[in-house]
Number of protein chains: 2
Amino acid sequence: MKDVASAAGVALKTVSRVVNGEPGVHPQTAERVRAAIDLLGYSRNESARVLRSGRTATIGLVIEDVADPFYAGLSRAVEDVVIEHGCLLLSGSSGEEPGRERELVETFCARRVDGLIVVPAGDDHSYLRPELDAGTAVVFADRPPEPGIDVDTVLADNAGGARRAVRHLLEHGHRRIAFLGDDPAIFTAAERLRGYREELGDRFDPRLVSMRSPSAAGVRAELDRLFGLDDPPTALFTGNGRYTVTTLRALGRQRVALVGFDDFELADLLDPGVTVVAQDPARMGQVAAELLFHRVTGDAGPSQHVELPVQLIVRGSGELPAKA
Amino acid sequence: MKDVASAAGVALKTVSRVVNGEPGVHPQTAERVRAAIDLLGYSRNESARVLRSGRTATIGLVIEDVADPFYAGLSRAVEDVVIEHGCLLLSGSSGEEPGRERELVETFCARRVDGLIVVPAGDDHSYLRPELDAGTAVVFADRPPEPGIDVDTVLADNAGGARRAVRHLLEHGHRRIAFLGDDPAIFTAAERLRGYREELGDRFDPRLVSMRSPSAAGVRAELDRLFGLDDPPTALFTGNGRYTVTTLRALGRQRVALVGFDDFELADLLDPGVTVVAQDPARMGQVAAELLFHRVTGDAGPSQHVELPVQLIVRGSGELPAKA
DNA sequence: CACCTGTTTGACAACGTTGTCCGCCCCTCC
DNA sequence: GGAGGGGCGGACAACGTTGTCAAACAGGTG
């Protein structure tokens with residue numbers, strides 16, 4: 001900028017004014033400055049601008065894994081809203097490790113992001129306290145923070161979706177419905193288990209619940225255990241997209257009634273089509289980002305908690321009848 | 001930092017030394033400083049650090065769309081390498097719009113990223129010239145830059161993969177093989193078309209080539225046209241994952257021999273399984289990021305051009321025989 | 001022609017950090 | 001006891017930008 005100023009024969013501040021479109025610069029002077037800028041290929045140093053102004057125009061996003069279609073969709077939606085607000089997005093995958101989550105958040109904060117969207121991996125968020133006190137806007141998506149932290153949240157209706165899935169299977173005559181899902185330490189898994197349990201009521205049987213690793217071997221072993229019971233399940237409810245796919249693969253040609261949580265591409269092309277309870281990851285990202293920008297632009301009202309609806313999509317696998 | 005210094009009763013510079021683990025500070029002093037840091041919840045302002053040191057420890061990634069599984073996988077791999085080097089990742093989706101690509105690159109450069117990984121949407125990269133001259137490291141992935149720009153590239157063996165796919169169908173008796181792919185203005189689409197054409201040799205028939213929008217309606221219309229020909233195709237080669245899926249959906253129960261470019265989840269679970277020529281997006285991201293860090297750390301050798309192999313995965317759909 | 005007003009321009013400080021350089025103190029050795 | 005040296009701490013400038021304030025200038029008015 002200094003070079004531009006001397007090239008154009010004006011003061012630093014005048015160049016700054018031109019670059020920022022501030023009024024009070026003679027058109028002819030502005031033209032000369034712009035010419036010098038083009039000539040020198042100058043581009044403003046955002047770091048210095050940030051240092052001076054305090055606003056970084058940057059948002060941080062912590063998710064579990066970008067390569068997971070659910071989070072990829074969420075990311076894209078967040079990105080779109082962020083760009084619309086003239087900001088950029090720093091993103092990182094925690095890989096379900098609380099330590100990594102914390103590192104990412106702290107690194108983002110050290111860079112003075114204006115706001116953070118977090119899909120938490122752990123449940124200790126005390127490390128966020130100083131950042132919140134410092135005025136960083138934070139929104140939690142998909143999973144809530146630890147109870148003591150009061151921030152905006154966007155969650156799906158996990159329990160309601162699970163109830164809907166189970167009810168659907170009950171309506172098709174199933175009485176023995178197994179649940180395969182993540183460790184209940186994960187909020188969404190616990191909520192879906194709760195919905196499953198509530199809907200089953202007296203029919204709930206802990207032996208039909210499997211919360212093991214979503215690896216192919218783990219799922220295979222659990223299916224063997226379940227189908228080896230005296231009173232085996234006639235239907236499966238899988239607790240997220242990964243479990244659904246792994247379970248389908250483990251089942252092979254074996255036809256079992258199944259409803260999965262989370263929609264996935266090609267669910268309609270399998271035979272039978274896979275009935276799912278679908279979330280809308282893009283909507284979740286969009287809502288989270290919009291809540292965040294409300295905060296960034298100064299809204300200091302009480303924290304908001306949005307619950308997004310889920311939708312049962314009937315495709316065939318959930319309508320297979322229970323064998324007599 | 002000033003506050004920390006006065007709280008600990010030392011000079012600014014001493015705090016800086018402690019924060020950066022520089023030698024020459026008495027352990028006892030360092031301890032006092034650390035206590036003050038904890039007490040005040042201080043965290044270093046990276047913007048100021050960047051301004052002073054010039055290195056942002058930030059990499060920019062421009063892809064087509066994070067929500068596309070191919071780019072999501074690539075992103076994740078890039079992210080992992082970037083984090084390993086103690087840096088952060090700014091990412092943006094161009095949505096296949098050259099203007100957006102350019103905006104993203106320029107915004108990233110204004111923030112003085114140390115390096116850029118670009119999956120280009122357009123083919124005019126003259127705007128990169130000043131950045132390259134300014135020393136920003138750049139790697140192109142998936143698609144090359146315009147001819148005049150000399151940077152590292154990581155591409156897949158698109159033509160070879162297409163030849164392999166076509167050869168596979170020829171080996172199963174097919175003589176009329178249609179190609180459904182993207183606009184040949186897109187490098188990968190053009191390369192795959194080239195491989196297809198080369199492998200077919202004399203059998204190449206331009207009427208069997210369809211390069212229309214990957215929308216459901218567009219693909220449906222093209223299939224109608226192809227199967228309405230006097231001498232219709234007995235096999236299809238789809239030019240990327242999106243086309244493969246859209247085509248499968250359009251085909252419905254209709255069984256046609258098909259090989260797709262790009263692997264996708266659940267390709268094995270469809271009936272028949274979908275034979276594909278698979279790229280490795282994670283590997284592409286990893287290689288691109290590693291090339292980039294070579295440059296960032298000062299390697300000024302001649303530009304490198306990596307071609308990644310692709311792999312035919314046989315699952316059934318490509319082995320359906322040609323009807324007599 | 002002096003005066004006032006408004007427009008255009010510029011000088012300077014400040015943001016928070018780090019690199020350079022200097023000075024202090026204490027220890028050791030003569 | 002004094003000189004030399006090493007370990008430690010501090011003052012200051014600089015990075016590139018923007019906010020504040022004041023100066024310079026032009027034009028209109030009495």
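Reminder, nothing fancy here: chain letters follow the sequence lines and each chain counts from 1. Being a predicted model, the structure only gives us computed values, none of them experimental.
- A sub-4.0 Å separation between OP1 or OP2 of dG16(D) and a side-chain N or O of Arg52(B) is absent.
- The distance between atom NZ of Lys2(B) and atom P of dT17(C), rounded to the nearest whole Å, is 10 Å.
- The distance from atom CG of Leu51(A) to atom P of dT17(C) is 9 Å, rounded to the nearest whole Å.
- Summary of helix geometry: the two end axes of the helix from dC1(C)-dG30(D) to dC30(C)-dG1(D), each defined by five base pairs via their C1' atoms, are inclined to each other by 60° (rounded to 10°).
- Comparing dT17(C), dG16(D), dT18(D) by their closest approach to the side chain of Ala48(A) singles out dG16(D).
- The pair Arg34(A)-Asp38(A) does not meet the salt-bridge criterion, since no charged nitrogen lies less than 4.0 angstrom from a carboxylate oxygen.
- Picking from dG16(C), dG10(D), dT17(D) the nucleotide with the shortest atom distance to the side chain of Met1(A) gives dT17(D).
- Pairs engaging residues 111-139 of chain B under the salt bridge (charged side-chain N to carboxylate O under 4.0 Å, His left out) rule: Arg55(B)-Asp114(B) [sequence neighbours left out].
- Ring geometry for Phe293(A) against His85(A) counts as parallel: the plane angle stays under 30°, on a 0 to 90° scale with 60° as the upper cut.
- Closest heavy-atom contact between Asp152(A) and Ser303(A): OD1-CA, 3.3 Å.
- Taking atom CG of residue Asn45(A) and atom P of nucleotide dA14(D), one finds them 18 Å apart after rounding to whole Å.
- To the nearest angstrom, P of dC15(D) lies 14 Å from CZ of Arg112(B).
- Ser47(A) places no side-chain N or O within 3.5 Å of a backbone atom of Leu51(B) that could act as its donor or acceptor partner.
- Here the straight-line distance linking atom CD1 of Ile37(A) with atom CE of Met1(A) works out to 7.5 Å at 0.5 Å rounding.
- Taking every heavy atom of residues 11-35 of chain B and every atom of DNA chain C, pairs under 4.0 Å involve Leu12(B), Lys13(B), Ser16(B), Asn20(B), Glu22(B), by number.
- Considering only residues two or more places apart in sequence or on other chains, Glu106(B) meets the salt bridge (Lys or Arg N to Asp or Glu O under 4.0 Å) condition with Arg102(B).
- Contact annotation for Val50(A): no contact, since no heavy-atom pair falls under 4.0 Å across all strands.
- dG19(D) atom C1' lies 17 Å from atom CZ of Arg55(A), rounded to whole Å.
- The side chain to side chain contact (heavy atoms under 4.5 Å, CB included) test applied to Ser91(B) returns Ser91(A), Leu61(B), not counting sequence neighbours.
- Annotation: salt bridge (Lys or Arg N to Asp or Glu O under 4.0 Å) contacts of Glu84(A) (sequence neighbours excluded): none.
- What separates CG of Leu40(B) from P of dG16(C) is a distance of 14 Å, to the nearest Å.
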